[in-house]
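One-based numbering, in listed order, for ligands and for the atoms of each. This chain uses plain numbering: 1 for the first residue, then up along the sequence. Remember, predicted model here, so these are calculated numbers, not experimental data.
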Amino acid sequence: MIETQYSPAVPDPKSIPANAPEHCPGTESDQAGKADACAGCDNKDVCASGATKLPDPALPLIKRRMAGVKHKILILSGKGGVGKSTFTAQLGWAFAADEDIQTGIMDVDICGPSIPTILGIASEQVHASSSGWSPVYVQDNMAVMSVGFMLPTSKDAIMWRGPKKNGLISQFLKDVDWGDLDFLLIDTPPGTSDEHLSIVQYLKESGIDGAILITTPQEVAIQDVRREIDFCRKVGIRILGLVENMSGFVCPNCKGESQIFKPTTGGAKKLSEDTGIPLLGAVPLDPRIGKSADYGVSFLDEYPDSPATTAYLDIIDRVKEIIDDNS
Ligand SMILES: Nc1ncnc2c1ncn2[C@@H]1O[C@H](COP(=O)(O)OP(=O)(O)OP(=O)(O)O)[C@@H](O)[C@H]1O
């Protein structure tokens, strides 16, 4: 269990008391210092006085850094393990297949960063330069930043409270030398938590193109996606569309398709009809996807003729169309 070995990632300790509450409402909130969660926090009085509601000095720096990023896309899911990081990686690889497209991936799944492993760069480290932290490059036009690069081993757990996560996300946005990007894909933790609120707060002025919501077909996952939709609507983030992952199983030998989650397969289609949110597509279960992720190689390149690759690429084309239509 560690804090982090990379000291610049740790926000100013003076501003974050050791006993900051787990559900800190945030210094900008009307509830700052007044919420039940604030009881016992060293910052309670200063927060309640309103003194912390000064403009966040990070915001203009984030805005300046993000001015070089044309499109910012959030990848969200209601539940964990539904394939959000895997989808983010395939989206990144598909964009970066065009060498003229500069792609960045920011992994803000702080407690479960899997992007470095999926992209085959888990042993890399972040370096500081005069223009900020250099992201790790999967290839010339694909840059990645993740807290996973800052952990000594993949077994180390990060146990941070909200304000610290907030500080790291702010640093990922303002201190990383992203350069000029066409797309910044932001892989988030499941649910709606501190990380999501931080991203929304920090990118409010720079703009977010929208969110892609990943779900599996089961009702339990679909229910959680409804909460995610509610979150996006409350904070004013456009939903680009839904992706149903692990939708049916295509046997690699006989090519026959089985519905593993019968009778709920197609739950995302129903959700799309109920909410008017576009269904971008459905990706079948394919055990080779997990294998490619474990080896850190692109599934799209390894199995170009598979039904799952066709599904991913169709979805990615739809994402590009929607973004282009809005540009
Ligand atoms: N279509 C698929 N077919 C088979 N396996 C898949 C598919 N999509 C993802 N997986 C596998 O499912 C597991 C979970 O995927 P992933 O880590 O991308 O989920 P996640 O939603 O990002 O999870 P978390 O948010 O909890 O980190 C991984 O082992 C991944 O390889």
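Remark: distances from the non-hydrogen atoms of Pro284 to ligand 1 include one below 4.0 Å. Note on ligand 1: Pro190 sits in its first shell, one or more heavy atoms being nearer than 4.0 Å.
The backbone and the side chain of Leu285 each have at least one atom closer than 4.0 Å to an atom of ligand 1 (non-hydrogen atoms only). Counting heavy atoms closer than 4.0 Å to ligand 1, residue Ile214 contributes nothing at all.
A salt bridge links Arg227 and Asp224; the closest N-O separation between the charged side-chain nitrogens and carboxylate oxygens is under 4.0 Å. Using a cut-off of 4.0 Å between Lys/Arg side-chain N and Asp/Glu carboxylate O, Asp314 and Arg318 are scored as not salt-bridged. By the 4.0 Å N-to-carboxylate-O rule, Asp177 lies close enough to Arg65 to be salt-bridged with it.
Of the N or O atoms in Thr188, none lie within a sub-3.5 Å distance of an N or O in ligand 1. For the pair Ala293 and ligand 1, the shortest N or O to N or O distance does not fall below 3.5 Å. Annotation: Lys84 places an N or O atom under 3.5 Å from an N or O atom of ligand 1; distance criterion only. Ligand 1 has no nitrogen or oxygen under 3.5 angstrom from a nitrogen or oxygen of Tyr312. At least one N or O atom of Ser85 sits closer than 3.5 Å to an N or O atom of ligand 1. By the 3.5 Å distance cut-off applied to N or O atoms, Gly81 is counted among the residues near ligand 1.
Under a 4.0 Å criterion applied to the non-hydrogen atoms of Asn245, ligand 1 contributes the atoms 1 (N), 2 (C), 7 (C), 8 (N), 9 (C). Ligand-side atoms of ligand 1 in range of Ile289: 1 (N), 2 (C), 3 (N), 6 (C), 7 (C), range being under 4.0 angstrom from any heavy atom. For ligand 1, the atoms sitting less than 4.0 Å from at least one non-hydrogen atom of Asp109 are 25 (O), 27 (O), numbered in the order shown with element in parentheses.
Using a 4.5 Å heavy-atom threshold, the side chains of Leu280 and Val243 count as touching. Here the side chains of Arg226 and Leu271 are in contact, with some heavy-atom distance below 4.5 Å. Within the 4.5 Å cutoff, side-chain heavy atoms of Met106 are placed close to those of Leu184.
In the hydrophobic cluster analysis, where Ile, Leu, Val, Met, Phe, Trp and Tyr join through side-chain heavy atoms closer than 4.5 angstrom, Ile101 is grouped together with Ile315. A continuous path of ILVMFWY side-chain contacts below 4.5 Å connects Ile323 to Leu242, so both sit in one hydrophobic cluster.
Looking only at protein heavy atoms, the nearest one to atom 12 (O) of ligand 1 is Met246 CE, 3.5 Å. Nearest protein heavy-atom contact of atom 5 (N) of ligand 1 is Asp286 O, 4.0 Å. Scanning all protein heavy atoms for the shortest distance to atom 19 (O) of ligand 1 gives Gly83 N, 3.0 Å. Shortest contact from atom 18 (O) of ligand 1 to any protein heavy atom: Thr86 OG1, 2.5 Å. Looking only at heavy atoms of the protein, atom 29 (O) of ligand 1 is closest to Gly290 CA, 4.8 Å.
When distances from atom 14 (C) of ligand 1 to the protein are checked, a heavy atom turns up under 4.0 Å.
Between Glu302 and Val297 the shortest heavy-atom distance is CG-CG2, 3.6 Å. Between Ser206 and Met66, the shortest heavy-atom contact is OG-CB, 3.6 Å. Taking all atoms of both residues into account, the shortest heavy-atom contact from Leu313 to Ala94 is CD2-CB, 4.3 Å.
In Lys320, the NZ atom is crowded: over 12 heavy atoms of neighbouring residues, nucleotides or ligands sit closer than 6.0 Å.
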